[in-house]
Amino acid sequence: MTAQPVVGVLALQGDVREHAAALKECDVRVRPVRRVEELDGLHGIVLPGGESTTMSRLLETFELLEPLKARIAGGLPAYGSCAGMIMLAGKVLDGRPDQHQLDGIDMIVRRNAFGRQVDSFEEDLDFTGVEGGPVHAVFIRAPWVESVSPEVEVLARVPEPEPGAETAGSIPAGAAGRIVAVRQRSVLATAFHPELTGDGRVHRLFTEIVRAS
Amino acid sequence: MTTSPESVPQTGTARVKRGMAEMLKGGVIMDVVTAEQAKIAEDAGAVAVMALERVPADIRAQGGVSRMSDPDMIDGIIAAVSIPVMAKARIGHFVEAQVLQSLGVDYIDESEVLTPADYANHIDKWQFTVPFVCGATNLGEALRRITEGAAMIRSKGEAGTGDVSNATTHMRKIRQEIRRLQNLPEDELYVAAKELQAPYELVKEVAELGKLPVVLFTAGGIATPADAAMMMQLGAEGVFVGSGIFKSGNPAQRAEAIVKATTFHDDPDVIAKVSRGLGEAMVGINVDEIPQPHRLAERGW
């Protein structure tokens, strides 16, 4: 691809501006997407953090759901953070029964898995495919990945606490070792929010996927 | 992988608190007083609900001291929906806030809609893991709340009226004062901080960013899809709707229409379409007709 790729950010609700800012640093053109015609000519799409049930409902109401799902099934590179990860999953646990899935990654995701807002936390973690040391991950009422099919590559997990370390942190029981970043073909998802930290490496990874597609 | 991350996970950081509000942007937060209303709000696409005992219009009509809601009622709402649940504490009532945190609410609104518990001090919000949203009528007030630890600001408007005029005034005022700071030479920011009665560092940050360092929502008197869209066009990043929904003729449909109008706030065709056939809006009262001492926006300082 020679020209600047056009990457959409689903702009129905959520932290659209932060994703747009992170993408602009990666030398791509950014387009907010709220209407079907805005999918035309996209080379990739980001599904932002926000409230997955709200976005799911608006996707359906404004008739974006099926076209977007079809584009992703057809190979459109996509990246979802938090609510975006939930929407990209094939199946969601603890969601609303009428919640719609874009089915971009063959995985089961548990919504609000780490608990309520008082359990939201930030922590460093290793991220396969991201050079230059650990990624600082911000988890906000975040999901985690319950299970993945063999085609899905696991890129990051919540670290196990250091043996003998003070348990100063208070991440919920059962969180350690959970899968929080995955990739299947050209679809990427993180349970946390790289767009909130100013560390552009995950967005750079995604735009490299877009350029290679 | 050879490098092992060493940092310890941390909850309740400013980033996690402010980040939570970032996720609500472009959305509508609805006042609810029962689990059934909470479900209607969630079904309509609310990004969060605000649990309270009486909507502001009823607080206004019934009078008396207005306090934090019954924990049973908050538990019921938390159990009924999967979206975030907010709840209100009285201004300065740090024990109500402790109780709400213990109940597991996702955000506390230190709200002028309830009767203040302290006429001098607001809650020291840094002491909490749960984040706070506070009301403001102008930039100085917003920055004082942020100094005390608020992770989100909403313009106050005049709650329980269905009259959007004060929300408009407060949004315009906050944005106007931000624009003024952006245009000031650096050496005049010191006096600007003095005039705003806010810390210099924060004033300087706002002058550089051209926005608050936290998310800015609007509240108080929003009753129609067009009201919500206007506030978004005036620079709000999302909308609180209180009495406007469940005091109207057809709450479910109105709630959904306000959600859609908030997303498509810049598209009059969509706003026109969703505004049709909503039935009666809340009757409302004109802010002008409310005697000064009964105006809620003037609580908090």
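In what follows, every chain begins at residue 1, and chains take the letters A, B, ... in the order their sequences are listed.
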N/O donor-acceptor pair under 3.5 Å between Arg116(A) side chain and Gly104(B) backbone: yes
Close side-chain approach of Met20(B) to Arg141(A), heavy-atom, < 4.5 Å: yes
Main-chain N/O of Thr263(B) paired with Arg34(A) side-chain donor or acceptor, under 3.5 Å: yes
Candidates Val16(B), Thr129(B), Thr11(B) - the one meeting side chain to side chain contact (heavy atoms under 4.5 Å, CB included) with Gln117(A): Val16(B)
Within-4.5 Å side-chain heavy-atom neighbours: Arg57(A) and Lys260(B): no
Distance-only donor-acceptor check, side chains Ser82(B) and Arg111(A), under 3.5 Å: yes
Under 4.5 Å from any heavy atom of chain B - which part of Ser52(A): neither
Distance (rounded to the nearest 0.5 Å) between Thr53(A) OG1 and Glu42(B) CD: 5.5 Å
Residue Ala48(B) versus chain A: region with a heavy atom under 4.5 Å: neither
Reported CZ-to-OG1 distance for the pair Phe264(B) and Thr61(A), which is rounded to 0.5 angstrom: 9.5 Å
CD on Glu22(B) to CD on Glu195(A), rounded to 0.5 Å: 9.0 Å
Enclosure of Gln182(B) CD (heavy-atom neighbours >12, cutoff 6.0 Å): yes
Lys25(B) bridged to Glu18(A) by N-O distance under 4.0 Å: yes
For Arg175(B), side chain to side chain contact (heavy atoms under 4.5 Å, CB included) partners two or more places apart: Met171(B), Arg179(B)
Heavy-atom neighbours of Phe128(B) CZ exceed 12 at 6.0 Å: yes
Residues, nucleotides or ligands: over 12 heavy atoms within 6.0 Å of Glu131(A) CD: no
Toward chain B, the part of Ala11(A) with a non-hydrogen atom under 4.5 Å: backbone
Gln233(B) atom CD, over 12 foreign heavy atoms within 6.0 Å: yes
From OG (Ser120(A)) to CE (Met23(B)), nearest 0.5 Å: 9.5 Å
Within-4.5 Å side-chain heavy-atom neighbours: Glu51(A) and Leu24(B): no
Proximity breakdown for Leu196(A) and chain B, heavy-atom pairs closer than 4.5 Å: both
Atom pair CG/CD of Asp15(A) and Glu237(B) - distance to nearest 0.5 Å: 11.0 Å
Gap separating the CG atom of Leu12(A) from the OG1 atom of Thr262(B), nearest 0.5 angstrom: 12.5 Å
Chain A contacts, top residue of Asp43(B), Val105(B), Asp267(B) (heavy-atom pairs, under 4.5 Å): Asp43(B)
Which portion of Ala44(B) sits near chain A, non-hydrogen atoms under 4.5 angstrom: backbone
Leading residue by heavy atom contact count with chain A [cutoff under 4.5 Å; candidates Asp266(B), Val85(B), Val81(B)]: Asp266(B)
